[in-house]
Amino acid sequence: MSASPSASASTGPVECNEDDPQVDKNLHTSLSGLPSKIVAGSGFHGFQLNVNNTGDRAYQRVDLGVFAAQMDEDDYFIDTSHLTLQYKDPSSGKWVDISLDENDEGAGYLGYTAVKAHESFSVDMRLAVDKTAPAGLGYAISIGMYADDEGNCVFSGDDSFYQFDILKAGSAPGTPGDAKPQGGKKPLPKHQPSGNTKIEPQGHLAQTGSSSALPMIALAGGAAVAVGAGAVFVVRRRRSAGPGAAV
């Protein structure tokens, strides 16, 4: 593809253009180790956000995000009120909350970092479901995103979302394996939350400068749509106005 990250200095965040989103097949994000079953009230469950650059290009700034939600299988409305999502800051070793509030412009945002040619690294994550959560279906997605020289949004090439079962408190989960990528196209909600947190993964050398167009990762709120054709499902959030409210 022709898109390339900008090397100019940043003067502050600006939105990248999502009218014609592009996909970079050399830049991949994925999740690993997320359990396929989580019992409500069973504490935190660790997994990893993985970033892999298979190409010869270095990216000066890639913004990363992870979003998780519980989903009603009948009407596809999502609920994040029972979930707590955190990442481990590679520099401090402290666990940091990732907002899942659909009304928060920064929901799902993790941070940005440079990515060298042929570089791979991971960021530790963990997810908890509180004991009051009803049994149902959950999903998680990862997103990598940058702005090219024309200010267009370019997404990482991984299209997968990860589905897991939420079991009611006190259930016996047995020995669940890892949640498997579902293929197809992952849901990308249309709102663009801003974020400007720098992270430095372990073993990763920081680079100076950043893109002149700082992408606002589309992770939460509103109607979720898939990048490209073949959407698996559309996620809508339940509005406070009640079941009769428009979405």
Side-chain angles (χ1 to χ4, degrees), residues 1-18 20-32 47-67 85 87-91 96 98-99 105-125 140-161 181 186 188-189 191-220 227-228:
M1 59 176 291
S2 61
S4 61
S6 171
S8 58
S10 170
T11 58
V14 296
E15 291 188 7
C16 58
N17 180 14
E18 281 194 289
D20 184 21
Q22 302 178 56
V23 175
D24 187 332
K25 294 299 184 182
N26 291 322
L27 181 66
H28 305 269
T29 61
S30 63
L31 303 178
S32 61
F47 62 104
Q48 289 186 315
L49 165 65
N50 307 305
V51 180
N52 182 24
N53 178 10
T54 60
D56 297 327
R57 176 191 305 153
Y59 301 89
Q60 200 162 7
R61 174 182 175 129
V62 175
D63 285 70
L64 302 170
V66 175
F67 187 72
L85 181 65
Y87 76 93
K88 191 174 185 179
D89 186 310
S91 298
V96 180
I98 295 177
S99 173
E105 291 185 350
Y109 185 79
L110 194 156
Y112 74 87
T113 187
V115 181
K116 296 178 291 185
H118 300 285
E119 181 180 30
S120 298
F121 59 85
S122 299
V123 178
D124 289 334
M125 311 286 302
I141 58 175
S142 67
I143 293 180
M145 186 175 174
Y146 65 85
D148 67 13
D149 289 331
E150 288 74 43
N152 296 311
C153 296
V154 183
F155 290 90
S156 58
D158 179 43
D159 294 325
S160 300
F161 65 96
K186 62 188 174 186
L188 294 177
H191 283 227
Q192 294 185 338
S194 61
N196 199 32
T197 303
K198 187 174 183 180
I199 59 172
E200 296 183 5
Q202 292 182 357
H204 174 82
L205 298 177
Q207 299 183 23
T208 59
S210 60
S211 171
S212 60
L214 310 186
M216 311 305 168
I217 294 180
L219 288 178
V227 173

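Keep in mind the model is a prediction, meaning the values are calculated, not measured.
No donor-acceptor pair closer than 3.5 Å links the side chain of S122 to the backbone N or O of N50. Side-chain atoms of N53 do not come within 3.5 Å of backbone N or O of E119 as any donor-acceptor pair.
With S156 as the fixed residue, the side-chain contact (heavy atoms from CB on, under 4.5 Å) test singles out one of V23, D24, T29, N26: T29.
Across every non-hydrogen atom of S142 and S30, the tightest pair is OG-N, 3.5 Å. Shown here for T54 and K25, the closest heavy-atom pair between the two residues is OG1-O, 4.2 Å. The two atoms that bring F121 and A114 nearest to each other are CE2-O, 4.4 Å, heavy atoms only.
D56 and H118 share a donor-acceptor pair across their side chains, judged by distance under 3.5 Å alone.
Checked against side-chain contact (heavy atoms from CB on, under 4.5 Å), S120 has the following partners two or more places apart in sequence or in another chain: N52.
Residues L85 and M125 form a side-chain contact, since some pair of their non-hydrogen atoms from C-beta on lies under 4.5 Å apart. Between I98 and L110 the shortest side-chain heavy-atom distance falls below 4.5 Å. Taking 4.5 Å as the limit, some side-chain heavy atom of Y112 sits within range of a side-chain heavy atom of K198. In this structure the side chain of L31 reaches within 4.5 angstrom of the side chain of L49, judged on heavy atoms. No side-chain heavy atom of H28 sits less than 4.5 Å from a side-chain heavy atom of V51. A heavy-atom distance below 4.5 Å is found between the side chains of I199 and L64.
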#### Entry: Criterion side chain to side chain contact (heavy atoms under 4.5 Å, CB included) on Y146 and V115, from CA distance to verdict
CA-CA 11 Å; Y146 65 85; V115 181; over 6 Å; no
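Note that OH of Y109 and OH of Y87 are 9.0 Å apart. Values are rounded to the nearest 0.5 Å.
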